[in-house]
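Below is one structure; the comments refer to it alone.
In what follows, chains are A, B, ... by sequence order, proteins preceding strands, each numbered from 1.
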Amino acid sequence: MVLKCCPFHPALTRLLPFFIMLLFVRWEEEKYEDGVKWKFLEHNGPYFPPEYQPLPDNVNFFYKGEKVKLSPAAEEVAVFFAQMLDHEYTTKKVFRENFFKDWRKEMTPEEKSLIKDLEKCDFREIHAMHKAKVEARKSMSKEEKQVIKEANQKIVEEYGYCLLDHHRERIGNFKIEPPGLFRGRGEHPKQGMLKKRIQPEDVIINCSKDSRTPIPPAGHHWKEVRHDNTVTWLASWTENIQGSIKYIMLNANSKLKGEKDWEKYEVARKLKSCVDSIRNQYLLDLKSKEMVKRQRAVALYFIDKLALRAGNEKEEGETADTVGCCSLRVEHITLHNQLDGNEWVVEFDFLGKDSIRYYNKVPVIKKVFKNVNLFMENKEPGDELFDRLNTNLLNKHLSSLMPGLTAKVFRTYNASITLQQQLKELTNKSDNVAEKLLSYNRANRAVAILCNHQRAPPKTFEQSMANLQAKIDARKEQLALAKTELKQAKKEAKSKGNSDPKLQTLVERKKAAVKRCEEQLLKMEVQATDREENKQIALGTSKLNYLDPRISVAWCKNMDVPIEKIYNKTQREKFAWAIDMTEADFEF
DNA sequence: TTGTTTACTTAGGAGAGTACGA
DNA sequence: TCGTACTCTCCTAAGTAAACAA
């Protein structure tokens, strides 16, 4: 099939099998024995943020209106707070309390005994200095910006790459996270706490034995240097807020990540072939005598139909109160026998990952409805809906149905299959590229809605919408005028018996003007619709994480749409494997 | 069986960079 | 040419899930 539509020179055509083999090798070369991720790994270690620079003498902190010279450690933390003063969260009680508590830990005994009330602290000079710095950076000349850019380039060149099994690979996040005040998402109980500066003594380096070990910054040493080739990370450290481990890993365009991504979509495609029998099974399980099975079946029904996340249990008080499917509580569900003309409606209202609200009213089958009703009986609002179920149990069951199957595979599968269906339904080969792209975005949007990928409406949204509307109105007026002029021209031409060539040309010109106006108006109206529909929806997340790129590549090939129209440079790099290997007839 | 640790993917926001229209 | 609006990149938090420990 490659050959039959191949546009290459015959000599190249003969070489094609070789190229294909090369591609194959590039993406699927030497699978190592189980768990081994690499044989050779060399890098220069992470890049550390610059040391703290104390405030100049003319910038001061005040307590109860008195100038106070803070010790460097206390001053640095004060600066973190001062920099955030424009943000709403510095007004939040939890944030302020956490900050003040951690700030006091950095103070000298004298400072501690003096500074006892955050309300009496005046950070305004520090804040002003910070704002001035930001302003100065913005108004730098082209040349100054160029100098900074080149310095950054140099850092990337030195720390941004590693050598992994003969390939020079980009590192995703080669910089150690700088210290600052922690801002979790949503109502995070730890917001405002001090995120401490990471020292080389906190960092574990991972590289191969026979590589050049990264050299720690002068006067420092690493916490540990290990040689574990069953993991993909190059360096790690433990963060002080949650005590979780942070990793330095490869960029998404690396071979290792690419292979993993490809595998993910292959598992989802495998689900396609057995999803019917899995669905039949959980529908049967809805009637099971065992409560565990019925709960499992209902949870699976939600995960499959609504693309809910698994919902691991989390430690209370450590993070914002969010849930997924298995951790849903009674208070997140309202049942309606009848609602808006539908029977058996389940109303969901809960905060999911990143404290993004999930709100949905879903008509379900009667058996599911009755089961949920049963699960809720004799429970308090704060009780778990699925009290016999957890993600571990659910995934154990799933992997027994299909190797590699877990709850999150359903999200990938349903997202990708939805994109493929929507693209088929919405696009016509005869459309122009703009129309095809609108269809693509609509298909993408359908997936984003399914997965509940939201964003905050852009701050300038109302304004920019109003601007666009003003433009539309102006264009409408212009169109009305053009139409009147056309009418007038026609009338004049007719009065001359349609015989004056000059008047005929004028009529044609006016007709063209009307047409142009109508087209522009339509384009703007489409744009307005698109923007309005996209107000609170983020398309990027599904594109990057849930949609098999081969669907999009094949669609581009079929529709003669350049791949650059749907994937930007980073996305093309990440999906290079798909762009290389996908034919127009690819089916998810 | 249950809790803990680890490794990895998924996520939205901020700010930098770029394009586009007045 | 400038300002504004949109896009992209970076950042790092917040999930999932498997391995391991008790």
Contact under 4.0 Å: [X] side-chain N or O vs [N] OP1/OP2:
X: A:R411; N: B:dA11; answer: yes
X: A:Y247; N: C:dT12; answer: no
X: A:N392; N: C:dA18; answer: no
X: A:K246; N: B:dT6; answer: no
X: A:Q242; N: C:dA13; answer: no
X: A:K353; N: B:dG12; answer: no
X: A:K264; N: B:dT10; answer: yes
X: A:T570; N: C:dC8; answer: no

ask   = Given that A:S355 and A:G404 both sit by DNA chain C, which one's nearest nucleotide is further toward the 5' end?
value = A:S355
query = Taking the nucleotide of DNA chain C with the closest heavy atom to each, which residue, A:G186 or A:K569, is nearer the 5' end?
reply = A:K569
request  = Mind jotting down which residue pairs meet the salt bridge (Lys or Arg N to Asp or Glu O under 4.0 Å) criterion with at least one end in residues 398-419 of chain A? Sequence neighbours excluded, please.
outcome  = none
Just how far, in rounded Å, is [atom2] of [N] from [atom1] of [X]?
X: A:N545; N: C:dA14; atom1: CG; atom2: C1'; answer: 13 Å
X: A:L544; N: C:dC11; atom1: CG; atom2: P; answer: 16 Å
X: A:F182; N: C:dT12; atom1: CZ; atom2: P; answer: 12 Å
X: A:R183; N: B:dG12; atom1: CZ; atom2: C1'; answer: 13 Å
X: A:L393; N: B:dG3; atom1: CG; atom2: P; answer: 13 Å
X: A:L250; N: B:dC8; atom1: CG; atom2: C1'; answer: 12 Å
X: A:N173; N: C:dA13; atom1: CG; atom2: P; answer: 12 Å
X: A:I245; N: B:dT6; atom1: CD1; atom2: P; answer: 4 Å

Check the orientation of [X] and [Y]. Use parallel for under 30°, tilted for 30 to 60°, and perpendicular for over 60°.
X: A:W233; Y: A:Y247; result: tilted
X: A:H130; Y: A:H127; result: tilted
X: A:W555; Y: A:Y440; result: tilted

ask   = What about A:K408: does its side chain form a donor-acceptor pair under 3.5 Å with the base of B:dT10?
value = no
Heavy atoms only, 4.0 Å cut-off, all strands: where does [X] land among base, sugar-phosphate and nothing?
X: A:G324; result: nothing
X: A:A320; result: nothing
X: A:T232; result: sugar-phosphate
X: A:T322; result: sugar-phosphate
X: A:K195; result: sugar-phosphate
X: A:E239; result: nothing
X: A:K396; result: nothing

key: Positions of residues 295-318 of chain A (non-hydrogen atom under 4.0 Å from DNA chain C), listed by number   = A:R309, A:A310, A:G311, A:N312, A:K314
task = Report yes or no: does A:E435 contribute a side-chain atom to a donor-acceptor pair with the main-chain N or O of A:N432 at less than 3.5 Å?
result = yes
ask   = Of all the choices, C:dT12, B:dG13, C:dC8, which nucleotide is nearest to the side chain of A:P178 once you look at every atom?
value = C:dT12
task = Say whether A:N152 and A:E150, considering side chains only, have a donor N or O and an acceptor N or O under 3.5 Å apart.
result = no
query = Less than 6.0 Å separating the ring centroids of A:F99 and A:F81?
reply = yes
task = May I ask you to establish whether A:R357 and A:Y359 are in a cation-pi arrangement, using a distance under 6.0 Å from NZ or CZ to the six-membered ring centre and at most 45° from the ring axis?
result = yes
Geometric cation-pi criterion A:R572 and A:Y567, 6.0 Å radius, 45° cone = no
key: DNA chain B: 5'-proximal contact among A:N390 and A:K138 (nearest heavy atom)   = A:N390
Nearest-nucleotide 5' precedence on DNA chain B, A:V134 against A:V231 = A:V231
